[in-house]
Amino acid sequence: MSKKILMIVTSHNHINAERLTGIWFEEFAIPYAVFREHGYAITVASPKGGQAPIDPNSYPPENEREAFSEVLNRLATTEPITAITSSKYDAVFLPGGHGTMFDLPMPEIGQIVGQFANADKVIAAVCHGPAGLITARRADGNAIVKGYQVTGFTNAEEDAANLTTEMPFLLQDKLTELGAEFIATPLWNDHVVVDRKLITGQNPQSSKSTAQAVIDLLERVATPA
């Protein structure tokens, strides 16, 4: 049976009146391609459904868009998060992009992600994607990241992007406040943390490695030693 992956992306398209944002394209496109190569069935959902915004700074150049046509089409027709039933999926994957900082902490996302945690399923997020873990709770009421090692876009990387003061919160600080042990490496390192069935990647450079960690864990679970 093919594994089924739920990918949750942002619907938020601006940081301020002057700066647009959305999904950081490679954080969706690369994992999507990795999952497709392994024959996984993918559903793409967002808070609002429909067209999901892509950060203009990450958009593929004109001469590469035909190669990404399937990916772009999937981002144009996302399912609303209210239509999602978590029990249908083996794992959830949350790509980043600064848009996630504004809408993925919503309670509806937290409820879905919490259902994955309480069903002991694989949860993965890369870069700013762990913003979607913030409101997720386990059955005992604790944050799903409490007592777990995690990573994500670091305070230093946010500062290097000159967006520290533009964010509603700093991801590293928030995850630490929730009881996670945040593991940071130097700027732009390919870095993934796997703690039980929670997988997190630090930045765009970690996109492929984060997706591969999902596959490794799903295949190990499916084929026990």
Side-chain angles (χ1 to χ4, degrees), residues 5-10 12 24 27 31 47 81 86 91-161 163-164 166-214 216-218 220-221:
I5 309 294
L6 174 63
M7 297 185 76
I8 302 177
V9 299
T10 181
H12 193 85
W24 195 261
E27 295 172 22
I81 197 67
S86 64
V92 61
F93 189 99
L94 297 95
H98 281 93
T100 65
M101 296 288 284
F102 296 87
D103 64 352
L104 288 201
M106 64 190 292
E108 293 84 352
I109 301 291
Q111 182 178 14
I112 291 288
V113 176
Q115 289 168 359
F116 277 85
N118 290 319
D120 196 31
K121 293 182 177 180
V122 174
I123 299 169
V126 65
C127 198
H128 289 94
L133 309 180
I134 286 171
T135 58
R137 296 291 181 270
R138 299 187 186 276
D140 62 6
N142 285 318
I144 68 164
V145 299
K146 184 176 181 181
Y148 280 68
Q149 291 186 335
V150 302
T151 192
F153 206 65
T154 66
N155 289 355
E157 286 169 327
E158 204 69 81
D159 190 55
L163 288 172
T164 296
E166 300 290 345
M167 292 296 101
F169 57 90
L170 291 177
L171 187 58
Q172 179 175 345
D173 290 350
K174 180 62 72 173
L175 292 169
T176 301
E177 289 169 12
L178 290 170
E181 180 185 353
F182 192 96
I183 310 297
T185 61
L187 276 65
W188 323 127
N189 268 14
D190 179 352
H191 173 58
V192 177
V193 173
V194 181
D195 190 340
R196 286 155 281 184
K197 293 184 180 178
L198 180 60
I199 302 166
T200 45
Q202 182 170 315
N203 45 36
Q205 290 79 6
S206 309
S207 298
K208 185 174 183 179
S209 298
T210 305
Q212 187 60 54
V214 172
D216 292 345
L217 190 51
L218 285 176
R220 186 163 68 246
V221 169

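For the pair T135 (side chain) and P105 (backbone), a donor-acceptor distance under 3.5 Å is present. In this structure, the side chain of Q202 does not engage the main chain of T151 through any donor-acceptor pair within 3.5 Å. A donor-acceptor pair under 3.5 Å is formed between the side chain of S206 and the backbone N or O of H191. Proximity of a side-chain donor or acceptor of N203 to a complementary backbone N or O of N189 within less than 3.5 Å is detected. Side-chain atoms of S86 never come within 3.5 Å of backbone atoms of F116 as a donor-acceptor pair (strictly under, hydrogens ignored). Side-chain N or O atoms of N118 include one that pairs as donor or acceptor with a backbone N or O of G114 at under 3.5 Å.
To the nearest 0.5 Å, the span separating CG on L217 from CZ on R196 amounts to 12.5 Å.
Taking every heavy atom of both residues into account, T210 and A125 meet most closely at CG2-O, 4.0 Å. Listed here is the closest heavy atom pair of V150 and A180: CG2-CB, 3.6 Å. Considering every non-hydrogen atom in both L171 and G152, the closest pair reads CD2-CA, 4.4 Å. Heavy atoms only, all atoms of each residue included: A160 and W188 are closest at CB-CZ2, 4.0 Å. Nearest heavy atoms, G129 versus L104: O-CD1, 4.3 Å. The heavy-atom pair separating P95 from M7 by the smallest distance is CG-CE, 4.0 Å.
Looking at residues two or more places apart in sequence or on another chain, you find a side-chain contact (heavy atoms from CB on, under 4.5 Å) between Q149 and E181, I183, V193, D195. Looking at residues two or more places apart in sequence or on another chain, you find no salt bridge (Lys or Arg N to Asp or Glu O under 4.0 Å) involving K121.
Aromatic ring pairs are classed by plane angle as parallel below 30°, tilted from 30° to 60° and perpendicular above 60°; the pair F153 and H98 is perpendicular.
Applying the ring-ring contact (aromatic ring centres under 6.0 Å, His included) definition to pairs two or more places apart or across chains, none involves residues 193-213.
K197 NZ: more than 12 foreign heavy atoms inside a 6.0 Å radius.
With a 4.5 Å cut-off on side-chain heavy atoms, F182 and T154 count as touching.
Of the candidates E158, E157, E27, E158 is the only one forming a side chain to side chain donor-acceptor pair (under 3.5 Å) with H128.
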